[in-house]
Asker: 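Provided herewith is a single structure, encoded as structure tokens, for subsequent inquiry.
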Amino acid sequence: MNQLDDSESTLRTTMAKALNLGMRRALTDDPKVLLMGEDIGSLGGVYRITEGLKGDFGAHRVRDTPLGEAGIVGTAVGMAMRGYRPVCEIQFDGFTFPAFNQITTQLAKMHARSDGDVPVPVTIRIPSGGVIGSVEHHSESPEALFAHTAGLRIVMPSTPQDAYWMIQQCISSPDPVIFLEPKRRYWLKGEVDLLRPTTEDPFTAQVVREGDQLTLVTWGPLVPVAMAVAEAAAQDGKSVEVVDLRSLSPIDFDTLEASVNRTGRMVVAHEAPVFGGLGAEIAARITDRCFYSLEAPVQRVGGYHLPYPPAGMEENYVPDLDRILDAVERAFAY
Amino acid sequence: MNQLDDSESTLRTTMAKALNLGMRRALTDDPKVLLMGEDIGSLGGVYRITEGLKGDFGAHRVRDTPLGEAGIVGTAVGMAMRGYRPVCEIQFDGFTFPAFNQITTQLAKMHARSDGDVPVPVTIRIPSGGVIGSVEHHSESPEALFAHTAGLRIVMPSTPQDAYWMIQQCISSPDPVIFLEPKRRYWLKGEVDLLRPTTEDPFTAQVVREGDQLTLVTWGPLVPVAMAVAEAAAQDGKSVEVVDLRSLSPIDFDTLEASVNRTGRMVVAHEAPVFGGLGAEIAARITDRCFYSLEAPVQRVGGYHLPYPPAGMEENYVPDLDRILDAVERAFAY
Amino acid sequence: MTPTPNTSPQLLDPHDARATAGTGAHPATVESALDVVRLLDENGQRCENSRFGPWVEDVDVQTVQSLYRSMFRARRLDEMCTALQRQGQIVLWPPLRGQEAAQVGSARAVGEHDYVFPSYREHAVILERGVPADQMMTQFRGHAASSWKPSETKTHIYSLVLGSQVPHAVGYAMGITQDATLAQLAGESQPPEAAVLVYYGDGASTEGEVHESMVFAASYDAPVVFFVQNNQWAISVPFSTQSRVPLATRAAGYGFEGVRVDGNDPLAVLAVTRWAVAEAREGRGPVMIEAETFRLGAHTTADDPTKYRRTDEEQRWATRDPLLRTKALLNHEYGVDQDYFTDLEAETDAWIKETRAGILDGGPQDLEQRFDVVYAAQHPLVEEERQWYRDYQDSFLTDGADQSLAGSDDHSVTEAGRA
Amino acid sequence: MTPTPNTSPQLLDPHDARATAGTGAHPATVESALDVVRLLDENGQRCENSRFGPWVEDVDVQTVQSLYRSMFRARRLDEMCTALQRQGQIVLWPPLRGQEAAQVGSARAVGEHDYVFPSYREHAVILERGVPADQMMTQFRGHAASSWKPSETKTHIYSLVLGSQVPHAVGYAMGITQDATLAQLAGESQPPEAAVLVYYGDGASTEGEVHESMVFAASYDAPVVFFVQNNQWAISVPFSTQSRVPLATRAAGYGFEGVRVDGNDPLAVLAVTRWAVAEAREGRGPVMIEAETFRLGAHTTADDPTKYRRTDEEQRWATRDPLLRTKALLNHEYGVDQDYFTDLEAETDAWIKETRAGILDGGPQDLEQRFDVVYAAQHPLVEEERQWYRDYQDSFLTDGADQSLAGSDDHSVTEAGRA
Ligand SMILES: Cc1ncc(C[n+]2csc(CCOP(=O)(O)OP(=O)(O)O)c2C)c(N)n1
Ligand SMILES: Cc1ncc(C[n+]2csc(CCOP(=O)(O)OP(=O)(O)O)c2C)c(N)n1
Ligand SMILES: [Mg+2]
Ligand SMILES: [Mg+2]
């Protein structure tokens, strides 16, 4: 645990390790925090995000559960009622759906249903997104299916620094949080400032590259791609501002609005299918807020209206640098 | 069954009865059609939509199932694999979620997952929407949670005529269909033409009132309200075109685009919460398609970002004539 | 609330086989779950049960009177609420008629450290947990989301998504165990032993979440008692559609004990639930109880049982009415005379009158209150929408009420009906 | 495929108790589900079982050789695929090593009218159903969504959402019954009796959908056999986390029979499954079988079992290897000599070589094919996106490949790894 020694105030590490350290710290700071999920104990999770935690904190705080997602989320709700702060892991995004009833009708609504008497501070970690070369149901991006439901908060960090801090901030949130982890970026390395989070409020967006001709907003796995798009556009003489959305519910529309009022153009990129995706909400609201500033309609780029395809075709399905650049060019064409 | 006598070519009846007659006809025409659901047999369903059908077609074709929504949808998928065309009833919108995994990962994707070898022509009827003065979970509008998933089709009729025809058209669709029924309009009466459907293709929108200054698009329970809004606006000298969307996936954007290119303004109204609702997709796509025609940003009006409230407060939650008119005025204010 | 029973040693025998656990060894059998535990026969005469009888050895005339009083009040409340619903004062009402013994008997077996998860028909349980009857009704009037505070009553709110409360109960029970573990590791004194009692119906037993709850409860040795009121019907669907065999037989397949009890016998229900709660509290849980009972009334005030069931079945069960049976017990076993019942009637009349007034007293909260409770922490979208809502509502005040076209919805939509 | 066994009369006895059905009467007990059916001991010696022995009375040396050959080929294929995955030719591979007897024995018990629903590790079952081995691999290569046509093979595609295929199997079985009912009502000749065999794992048994499937199957008397391969592990989670008791004991709680069989004994598996399939076909289903076996290899090629289980457990089970046991049976009982095994090895080497070439032959389909299969009927959004995709792909061709920055993603994202 000497990684947590405050005398070393920064650490260069992967997102996977940053999440592990963040949970380690949450477990250390609050005895009411506990982890639950399939294979998170001895194995440390199929992505090894919880590696070593069962050994250090005990099987009562890092629980290998039976194989039922509804059971995991449902019992976590019950433990939260007893004063605990359960952090559940769903093994892959595609296996969230057996727990959908518990998440949508119970976890999200318990505080409201009990007229504020029963808070349910449960965090649900879901490795999310594609391009990992896997089999079906392992590469979904279900954020829009949670965002429509009031009562949930949803975040997705894109850097080790945010991973380390946001997991802690979400665990201490009094509201339930869906914590999406961009699984194809688990081995992305970066600096983690062990003393200071990016923001005190995790439910905010961050401008991660400034620009003045177009706002490119995305989150999680596509943030590094967006940075590359901005770089490619810059070489083409176009100045693109990149916003890492970080919080998908609530969405920090103030930051987006301020950016678009300066740039006049917006592209939203996500891995999920465009139709009914979160990009629609962003486009609709930004168009409403910035109607007179927009020089082009908000361009959306995302997955097609298809189930996530087999691995051999996925690179053509998920937006890549070229496809996002194409959307940027479409926006400039107006 | 003499209601089906073709010599009487029209019938004035309620939406509830029209649905009953539509299913009766589907059961008569195709022995592979069968109905499944909780309480749909002897009771005829809690809304009596299937009244009399078990008596006339037998318990093997109109099945009272055990009380498990995942079991209902999951076994329906299996029966479809054996060549049947199951029509499932979910008792209330709020009880769809236990079946969400079967709907999202199985029903929607089976055709694609089997590379087109296994069609699953299952229709899932869900009484949907609010303002029925009921208790929690009985008044939800979950359409956006289905629309984002490729492989499903979603419709919602707003008249007895459409109810009668669309249920038959959806049952004979080779794709799975989520068939939303506007439960507060079950007793709405209207003419049913027993010889001719509104459209051969049920997955299309209909202009139900012409106008040239603003397009008001909505579906299901809000269509009659939208008609009243257009009437009120007309008295105020404003010409509002009303589009009944009918099909929520796919959405007939061609019809919407043509309308907005004429009117220059759009309001979308639905009962579901605005945030992440289907109105976002409509606003985003129409803005993209009609950027130079739009004189105002597409205005959305819907539920708030709250769980559906107790009955005593619901009239303030669901958009009514005043609130939709307010959105119309906002659009005209640009 | 739970007197310690005079237990014979074998009652408290730890389940050795279960303790050594693992595949292959478990004490429960399906056969044992087939017997129906009964301490009163259909005429209210005491009958013997060597295993469970000792659990109500302390029961005297006062206890039985008190059980009867609770059942009687619940029935009268139920009748009054059915009437109020007919008068449009209540949105919907699920009657409990016929299930009073199952509810009062079981609720009496838990105490202040225990936690109760009802489904949505457990009105007699809620009254036992100390919720005032008029307050209990705000939810069914459509005035509030929930009618009592779980934090105060140790009784969860009603759950209308069938089965959804069962995993919560198991998780809560896991939390009880965790409290003890944390205290032990911290060298602190142990918190009082506690158990969770969760109610659900024969229909709800089919929901997958109930199964996962059983698996989790067994896996974590959770101190939880699953209490199924098998009232033979799930709306119009008879029990035979849900299962070929009694539900208590399910427990053996998870490696814990299931007991079937006559749900119209308040003593048997009390005894079996006391035993089960003790098993759970002492770490030998979970336990499942199936109370065989009958819904004498309609499913809800919106239901019409004549559509799906025969009156002879209703009549047969009417003769097993738990109130009649308990009254007979009081008459014959304890010699309680008519004066007692007359007094009780008068007392209850007064209580009902007062409760009725209390129920009719309140009105709905304003929608604005919902914006306060959707999240525990601040939320910008909610703030924005709350502000919009407030301004919009205010606009009617300032512009004058005639500006509003509210109500013209139904007017203009001439042909629309209401559910 | 299924020779009619010489059955003694009591084997075909209808379950009177079950037929009269209803609450309270059912034949199965938990105890009967605790015995493990075994026709071969650990050394491959035949042992007696009066109930199930007769179901394999027809089995002779050819049959055992053929069972062995199927198991042997499956194992060799498994080894080859594991190697191919290491070489990056296969996306992911779930090895079946150790489960060959459970799979081959059960798959042999079903015939051309029956329908099979695998989970995702039943490679030996798929081979038995006639799918060519190289074709079977397209899904695991990431080249296609599914590798065989259910309409041709009467074998459903693999299901990766655990438990999700189980209700489909029950529904399919309900369809079989419906076919018979419709034929009867129409005065047509009865379709052939058929059953459904569905596979899932000890871990998957916890999923709520599996429970609902049992309820529906019992409720509709569906001709389905639930075949659980209890290989003791769900990835890193031992069976004891899922259940305190054998899974076969669950069946009694739904009112049908559950049988536990030694899953490494191909004869016992064949016998029990034949019996179960016959029960189902003849309308006495459903039936549940729990095959006790062991996953000798890793969960998938991405897994590392040393993280969670002890080698002594692996070694103990290695001595129960179904191939060793069957080989011993052939040696000792039937006097099959080394020549047979040498020949089989040579034949299998050739088959593996050919299969390997076949596997490596194909490449992925183009994404465009996915637009054809998402819906069965025309869909405007899909058409629009397909057109866009086609034009976009074409733009690289016409603009020249240098226009594409594809590949620069990983370049610019210097620090990104891949799962
Ligand atoms: C998940 C879910 N599905 C369906 C319903 C609709 N519904 C309400 S009560 C009921 C029957 C419940 O039967 P049971 O569990 O036996 O309880 P009882 O009403 O007999 O007390 C049904 C189907 C629901 N509330 N929740
Ligand atoms: C619904 C769901 N949850 C989680 C997973 C991830 N997962 C894949 S295999 C597996 C273990 C399955 O164990 P078991 O059912 O015993 O089958 P086995 O792998 O042993 O053959 C898990 C947890 C999944 N595929 N589906
Ligand atoms: Mg019931
Ligand atoms: Mg397993």
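Heavy atoms only: backbone and side chains are in, while hydrogens, waters and symmetry mates are out. Below, chains carry the letters A, B, ... as their sequence lines are ordered, and counting in each starts from 1.
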Asker: Tell me, side chain or backbone of A/Gln299 under 4.5 Å from chain B's heavy atoms, or both, or neither?
Answerer: side chain
Asker: For chain A, which candidate among B/Ala150, B/Pro297, B/Gly276, B/Gly303 shows the most heavy-atom pairs at distances under 4.5 Å?
Answerer: B/Pro297
Asker: Under 30°, 30 to 60°, or over 60°: which ring-plane class applies to B/Phe291 and A/Tyr334, parallel, tilted or perpendicular?
Answerer: perpendicular
Asker: Please state whether the side chain, the backbone, both or neither of A/Thr104 comes within less than 4.5 Å of a heavy atom of chain B.
Answerer: side chain
Asker: So, do B/Ile103 and A/Phe97 sit near enough that their side-chain heavy atoms are less than 4.5 Å apart?
Answerer: no
Asker: Is any side-chain heavy atom of B/Phe275 closer than 4.5 Å to one of A/His148?
Answerer: no
Asker: Hey, are the side chains of A/Val274 and B/Arg285 touching, using non-hydrogen atoms and a 4.5 Å cut-off?
Answerer: yes
Asker: Please state whether the side chain, the backbone, both or neither of A/Glu295 comes within less than 4.5 Å of a heavy atom of chain B.
Answerer: backbone
Asker: For B/Glu69 and A/Asn101, run side chain to side chain donor-acceptor pair (under 3.5 Å): C-alpha distance rounded to whole Å, both residues' side-chain angles, the deciding distance at 0.1 Å, then the answer.
Answerer: CA-CA 11 Å; B/Glu69 290 77 9; A/Asn101 181 49; over 6 Å; no
Asker: What part of A/Leu306 gets within 4.5 angstrom of chain B, counting heavy atoms only: side chain, backbone, both, or neither?
Answerer: backbone
Asker: Which heavy atom of A/Asp288 sits nearest a heavy atom of B/Val298, and at what distance?
Answerer: OD1-O, 4.4 Å
Asker: For the OG1 atom of B/Thr105 and the CZ atom of A/Phe95, what is their distance to the nearest 0.5 Å?
Answerer: 9.0 Å
Asker: For A/Arg300, which atoms come within 4.5 Å of any heavy atom of chain B: side chain, backbone, both, or neither?
Answerer: side chain
Asker: With a 4.5 Å cut-off on heavy-atom pairs, point out which of A/Ala296, A/Pro142, A/Pro309 contacts chain B the most.
Answerer: A/Ala296
Asker: Please state whether the side chain, the backbone, both or neither of A/His305 comes within less than 4.5 Å of a heavy atom of chain B.
Answerer: both
Asker: If you count heavy-atom pairs under 4.5 Å with chain B, which of A/Ala283, A/Gly277, A/Ala70, A/Pro310 comes out on top?
Answerer: A/Gly277
Asker: Less than 4.5 Å to any heavy atom of chain B: does that hold for the side chain of A/Ala112, its backbone, both, or neither?
Answerer: side chain
Asker: What is the distance from atom CD1 of B/Ile286 to atom OG1 of A/Thr287, rounded to the nearest 0.5 Å?
Answerer: 12.5 Å
Asker: Find the one option among B/Arg113, B/Gln102, B/Lys109 whose heavy-atom pairs under 4.5 Å with chain A are most numerous.
Answerer: B/Arg113
Asker: Supply the atom-to-atom distance A/Gln106 CD to B/His137 NE2, rounded to the nearest 0.5 angstrom.
Answerer: 5.5 Å
Asker: If you count heavy-atom pairs within less than 4.5 Å of chain B, which of A/Phe146, A/Tyr292, A/Tyr304, A/Phe100 leads?
Answerer: A/Phe100
